[in-house]
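Keep in mind it's a predicted model, so treat the numbers as computed, not measured.
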Amino acid sequence: PGVSLFPPSQVVSRFNRLRQDQRGLASKAAELELELNEHSLVIETLREVDPTRKCFRMVGGVLVERTVKEVLPALESNKEQISKLIEALAQQLQAKGRELNEFRERHNIRLVGEEEPKGPPRDGPEGGKGGSAGVLVS
C-alpha cells in the first residue's frame, strides 16, 4: 500500500479504464430506468382497456398483432426482468465505485482541482520519500 509497482502512465490508464467502466454501468442503468418507465406507462394504459382489444407489439423488429390480454402478461414479465437487471447493475456500480476508490487510495491519485488530503505526513516505506509520488489525473 502506498508504493506503486506500475509506471504512472499505466496507473492513469487503469484508473481511466475503471472510470469508463463505471460510467458505462451508470449509463446502462439510466437507459434501463427509462425503459422501465415506458413499460410502466404502457402497462397502466393497457389495464384500463378492454382485454379483447387489438394491439400491436414490436417483437424482434417485427410488428405483430395481439390482444391486450396476450400482451399485458408479457409486458409485466419484461418489467420485472428489467427491475432485476437495474438492481444487479446498481450492485455492480457500487462495487466498481469501491474498486475505483481503493485504486485511487492505493496509488495516491488526485483529480485535477481536488485539494491534497489533509492528514499527518506519512513517514517510512509507505509514505514520504519512499512512497508513491502520486498521480494527478484530469
Peer 1: Taking the side chain as C-beta and beyond, is there a heavy-atom pair between Arg66 and Phe56 under 4.5 Å?
Peer 2: no
Peer 1: Given side chains that start at C-beta, do those of Ile43 and Glu38 come closer than 4.5 Å, heavy atoms only?
Peer 2: no
Peer 1: To the nearest 0.5 Å, what is the distance between CG (Leu32) and CG (Leu36)?
Peer 2: 8.5 Å
Peer 1: Contact between Phe15 and His107 at the side-chain level, heavy atoms closer than 4.5 Å - yes or no?
Peer 2: no
Peer 1: Hey, what do you get for CD (Glu70) to CZ (Arg57), rounding to the nearest 0.5 Å?
Peer 2: 11.0 Å
Peer 1: Would you say Leu85 ends up clustered with Leu25 if hydrophobic residues are merged whenever their side chains have heavy atoms under 4.5 Å apart, either directly or through other cluster members?
Peer 2: yes
Peer 1: Is Arg98 paired with Glu102 through a side-chain N to carboxylate O contact shorter than 4.0 Å?
Peer 2: no
Peer 1: Between Leu75 and Val71, is there a side-chain heavy-atom distance shorter than 4.5 Å?
Peer 2: yes
Peer 1: Would one find more than 12 heavy atoms of other residues, nucleotides or ligands at under 6.0 Å from atom CD of Glu65?
Peer 2: yes
Peer 1: Going by side chain to side chain contact (heavy atoms under 4.5 Å, CB included), name the residues that satisfy it together with Glu87, two or more places apart in sequence or in a different chain.
Peer 2: none
Peer 1: Are the side chain of Ser27 and the backbone of Arg23 linked by a donor-acceptor contact shorter than 3.5 Å?
Peer 2: no
Peer 1: Taking NZ, NE, NH1 and NH2 as the nitrogens, is one of them in Glu76 or Arg47 under 4.0 Å from a carboxylate oxygen of the other?
Peer 2: yes
Peer 1: From Ile86 CD1 over to Gln81 CD, what is the distance, rounded to the nearest 0.5 angstrom?
Peer 2: 11.5 Å
Peer 1: Any non-hydrogen side-chain atom of Lys54 less than 4.5 Å from a side-chain atom of Thr67?
Peer 2: no
Peer 1: Find out whether Asp50 and Val68 are in side-chain contact, i.e. whether some heavy atom of one side chain is under 4.5 Å from a heavy atom of the other.
Peer 2: no
Peer 1: Does any N or O in the side chain of Gln94 come within less than 3.5 Å of the main-chain N or O of Gln91, such that one atom is a donor and the other an acceptor?
Peer 2: no
Peer 1: Looking only at the side chains, is there a donor atom on one of Lys79 and Ser40 sitting less than 3.5 Å from an acceptor on the other?
Peer 2: yes
Peer 1: Using the salt bridge (charged side-chain N to carboxylate O under 4.0 Å, His left out) criterion, which residues pair with Lys96? Sequence neighbours excluded.
Peer 2: Asp21, Glu99
Peer 1: CG/Leu89 to CD/Glu33 distance, rounded to the nearest 0.5 angstrom?
Peer 2: 10.0 Å
Peer 1: Considering only heavy atoms from C-beta outward, does the side chain of Arg104 approach that of Leu111 to under 4.5 Å?
Peer 2: yes
Peer 1: Could you tell me the separation between the CG atom of Leu63 and the CE atom of Met58, rounded to the nearest 0.5 Å?
Peer 2: 5.0 Å
Peer 1: Rounded to the nearest 0.5 Å, what separates atom OG in Ser83 from atom NE2 in His39?
Peer 2: 10.0 Å
Peer 1: Quick one: does Leu93's side chain get under 4.5 Å of Gln22's, heavy atoms only?
Peer 2: yes
Peer 1: Spell out, yes or no, whether Val59 and Leu72 are grouped together once hydrophobic residues are joined by side-chain heavy atoms under 4.5 Å, including indirect joins.
Peer 2: no
